[in-house]
Peer 1: 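The structure is given below, and queries will be raised subsequently.
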Amino acid sequence: MATTVLLFSLLCVAEAFSPISVRGVAESFSPISVRGSAPSTLLAGTDTTAAYPAAAAPSTDRSSASSAASATNDDLKAQILTSIEPTKRGLSTTEEQRSTIEAQIRGLEAACPLEEPARDDRMAGGWEVLYTTAPPPSNGKLGPFVGVAKQAIDLVGGGYKNILQVGSADNVWLSAVLDASWEEWNGELLEEKGGGEKWRAAVVDANEVSSGEEVNGGSDTDASPSPWDGLMNMFGGKRSDSNSKKEIDHGATSWKVDFKTITISLFGIPLLKNTFPESTGRVWKMTYLDDDTRIVRAGRTGKAEDDVVFYMIRDASLHD
């Protein structure tokens with residue numbers, strides 16, 4: 001019986017992570033997620049507020065306006081943590097919860113203190129995913145198993161690792177590590193290589209809050225702009241401007257990431273290592289970053305309607 005369960009477990013993992021999977025899971029692998037993400041003391045369903053690191057105290061030389069903004073952001077983050085705590089990292093959410101969390105995340109994105117978050121040194125190091133709208137296995141679910149997604153970013157070497165671990169912090173029995181590289185995104189859309197039905201379905205759920213942008217090209221001038229629209233406007237004007245693509249510094253906020261290999265281990269012993277097809281990439285849009293919190297809108301092509309959201313906190317246990 002134990003052997004049967006073990007074989008079934010390996011089959012589920014191989015099916016989910018193999019770049020040549022017949023189900024095409026590798027194509028829907030999230031740029032920052034469980035399709036390769038990592039360990040943690042926080043397992044699905046636990047109280048995330050207990051492990052949430054306290055925000056760094058504002059320095060004495062900051063202006064009162066800056067301090068007030070920091071306090072406001074801390075309040076917004078506290079609201080988000082309260083809302084996501086019962087969702088098991090996004091695995092169990094109602095339509096109302098998704099809409100509420102999305103609105104709260106957009107509020108924090110609008111208050112991003114950085115003009116060039118993708119170039120900030122604080123991108124480096126370890127991050128843990130507390131909430132995502134991505135589909136399995138990018139949301140930490142591998143068949144019947146649920147793990148925790150993390151990420152370790154190397155700014156100097158231009159690489160990163162997505163790590164998914166199943167088990168407790170002291171007893172990880174199943175893990176998957178995705179090695180990848182990153183570079184600044186130049187704004188060119190990536191090719192849609194097919195598949196990804198679950199991914200597209202998740203995007204619909206993620207964009208329940210009106211962003212003022214319609215997939216078919218229409219717009220609602222009375223609606224609030226999306227966080228990504230705000231960042232694009234900051235670096236060159238509205239997308240309706242025919243010359244905006246030349247003016248926007250996409251690399252200031254976004255990376256193009258390319259998957260290299262995925263390694264699956266059982267009880268710390270590597271069992272399977274596969275190489276992704278060339279140019280298996282994603283686009284990460286860094287919509288918020290501070291000392292302890294990071295938000296990424298990750299997509300398969302770079303289009304706004306293709307993005308799912310990842311809400312992360314700093315994880316000092318991982319190093320770049």
Peer 1: Is any NZ, NE, NH1 or NH2 atom of the basic residue among Arg122 and Asp292 found under 4.0 Å from an Asp or Glu carboxylate oxygen of the other?
Peer 2: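 Salt bridge absent between Arg122 and Asp292.
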Peer 1: Report the residues that fulfil side chain to side chain donor-acceptor pair (under 3.5 Å) with Gln79, sequence neighbours left out, ordered by chain and then residue number.
Peer 2: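 With neighbours one apart ignored, the set is empty.
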Peer 1: Identify the heavy atoms of Gly302 and Leu189 that sit nearest to each other, and give their distance.
Peer 2: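 Shortest heavy-atom contact: C-CD2, 3.7 Å.
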Peer 1: Let me see the working for Ser168 and Asp170 under side chain to side chain donor-acceptor pair (under 3.5 Å), right down to the final yes or no.
Peer 2: CA-CA 5 Å; Ser168 66; Asp170 298 327; 5.7 Å; no
Peer 1: Walk me through whether Val309 and Val296 qualify under side-chain contact (heavy atoms from CB on, under 4.5 Å).
Peer 2: CA-CA 6 Å; Val309 67; Val296 174; over 6 Å; no
Peer 1: Could you go through residues 257-270 and list every donor-acceptor pair under 3.5 Å that involves a side-chain atom there, pairing it with any protein atom two or more places apart or in another chain?
Peer 2:
{"from": "Asp258", "atom 1": "OD1", "to": "Lys256", "atom 2": "NZ", "distance (Å)": "2.7"}
{"from": "Asp258", "atom 1": "OD2", "to": "Lys256", "atom 2": "NZ", "distance (Å)": "2.9"}

Peer 1: At what distance, to the nearest 0.5 angstrom, does CG of Asp121 lie from CG of Leu155?
Peer 2: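 If I round to the nearest 0.5 Å, the distance is 6.5 Å.
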Peer 1: Do you know the tightest heavy-atom contact between Gln165 and Ser175?
Peer 2: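 Answer, listing the atom of Gln165 first, then Ser175: CG-CB, 4.0 Å.
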Peer 1: So, are Asp307 and Lys285 salt-bridged, with charged N and O less than 4.0 Å apart?
Peer 2: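 Yes.
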Peer 1: So which heavy atom on Ser83 is nearest to which on Thr87, and how close?
Peer 2: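 Taking Ser83 first and Thr87 second, the nearest heavy atoms are O-CG2, 3.6 Å.
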Peer 1: If you look at every heavy atom in Arg300 and Leu190, which pair is closest and at what distance?
Peer 2: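 Looks like O-CB, 3.6 Å.
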Peer 1: I want to know whether Trp185 and Trp255 have ring centres closer than 6.0 Å.
Peer 2: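 No.
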Peer 1: Just so I know, are the side chains of Val166 and Val146 near enough to count as touching, which here means a heavy-atom distance under 4.5 Å?
Peer 2: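 Val166 does not reach Val146 side chain to side chain.
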Peer 1: Roughly how far, to the nearest 0.5 Å, is CD1 of Ile80 from OG1 of Thr100?
Peer 2: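 Thr100 OG1 to Ile80 CD1: 11.5 Å, rounded to 0.5 Å.
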Peer 1: Should we count CG of Asn171 as having more than 12 external heavy atoms under 6.0 Å?
Peer 2: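 It does: Asn171 CG has more than 12 such atoms within range.
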Peer 1: Which atom names give the shortest non-hydrogen contact between Ala180 and Leu178, and what distance separates them?
Peer 2: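 So the two residues come closest at CB-CD2, 3.6 Å.
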Peer 1: Nearest 0.5 angstrom please: Ile313 CD1 to Trp127 CH2, how far?
Peer 2: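 One gets 9.5 Å once the value is rounded to the nearest 0.5 Å.
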Peer 1: Treating Thr82 as the side-chain partner and Ala78 as the backbone partner, does any N or O pair qualify as donor plus acceptor under 3.5 Å?
Peer 2: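 Looks like yes, one N/O pair under 3.5 Å.
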Peer 1: Go through Gln104 and Leu76 one step at a time and tell me if the side-chain contact (heavy atoms from CB on, under 4.5 Å) criterion holds.
Peer 2: CA-CA 7 Å; Gln104 291 172 337; Leu76 290 172; over 6 Å; no
Peer 1: Could you check whether Arg297 pairs with Glu109 (Lys NZ or Arg NE/NH1/NH2 to Asp/Glu carboxylate O, under 4.0 Å)?
Peer 2: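 Yes, this pair counts.
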Peer 1: Less than 4.0 Å between a side-chain N and a carboxylate O, is that true for Arg119 and Asp249?
Peer 2: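 Judged by the 4.0 Å cut-off on N to carboxylate O distance, Asp249 and Arg119 do form a salt bridge.
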Peer 1: Applying salt bridge (charged side-chain N to carboxylate O under 4.0 Å, His left out) to Arg294 and Glu128, what does each step give before you reach the verdict?
Peer 2: CA-CA 9 Å; Arg294 177 166 156 245; Glu128 178 181 342; over 6 Å; no
Peer 1: May I ask you to decide whether Arg106 forms a salt bridge with Glu102, counting only side-chain N to carboxylate O separations under 4.0 Å?
Peer 2: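 Looking at Arg106 and Glu102, the cut-off is met.
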Peer 1: Given side chains that start at C-beta, do those of Tyr288 and Thr293 come closer than 4.5 Å, heavy atoms only?
Peer 2: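 Yes, close enough: below the 4.5 Å cut-off.
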Peer 1: Give, for atom CG of Leu130 and atom OH of Tyr311, the distance between the pair rounded to the nearest 0.5 Å.
Peer 2: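 Here the interatomic distance stands at 7.5 Å.
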Peer 1: Can you tell if the side chain of Tyr131 reaches within under 4.5 Å of the side chain of Val129, non-hydrogen atoms only?
Peer 2: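 Tyr131 does not reach Val129 side chain to side chain.
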Peer 1: Could you tell me whether the side chain of Asp306 and the main chain of Thr301 form a donor-acceptor pair under 3.5 Å?
Peer 2: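 Yes.
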Peer 1: Taking the side chain as every heavy atom from C-beta outward, state whether Pro135 and Lys141 have any pair of such atoms under 4.5 Å apart.
Peer 2: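 Of all side-chain heavy-atom pairs linking Lys141 with Pro135, none is under 4.5 Å.
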Peer 1: Measure from the side-chain N and O atoms of Ser181 to the backbone N and O of Gly159, and report whether any donor-acceptor pair falls under 3.5 Å.
Peer 2: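 Pair absent, no side-chain N/O of Ser181 close to backbone of Gly159.
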Peer 1: For Pro117 and Met286, work out which heavy atoms get closest and say how close.
Peer 2: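 In terms of heavy atoms, the two residues are closest at CG-O, 3.3 Å.
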Peer 1: Ser99 side chain to Glu95 main-chain N or O, any donor-acceptor pair under 3.5 Å?
Peer 2: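 Side chain of Ser99 to backbone of Glu95: no pair is present.
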Peer 1: Nearest 0.5 angstrom please: Ser92 OG to Asn139 CG, how far?
Peer 2: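 Ser92 atom OG to Asn139 atom CG measures 11.5 Å (nearest 0.5 Å).
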Peer 1: Kindly compute the distance separating CZ (Arg314) from CG (Asp291), expressed to the nearest 0.5 Å.
Peer 2: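 Arg314 atom CZ to Asp291 atom CG measures 7.5 Å (nearest 0.5 Å).
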Peer 1: Quick one: are the ring centres of Phe145 and Trp173 less than 6.0 Å apart?
Peer 2: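 Between Phe145 and Trp173, the centre distance is under 6.0 Å.
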Peer 1: Going by distance alone, is a donor N or O of one side chain under 3.5 Å from an acceptor N or O of the other, for Asp179 and Tyr160?
Peer 2: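 No donor-acceptor contact under 3.5 Å links the two side chains.
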Peer 1: Keeping the roles fixed (side chain from Asp120, backbone from Met123), state whether a donor-acceptor pair exists under 3.5 Å.
Peer 2: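 No; zero donor-acceptor contacts below 3.5 Å.
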Peer 1: Could you check if a side-chain atom of Thr253 sits within less than 4.5 angstrom of a side-chain atom of Glu115, using non-hydrogen atoms only?
Peer 2: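 No. Closest side-chain heavy atoms not under 4.5 Å.
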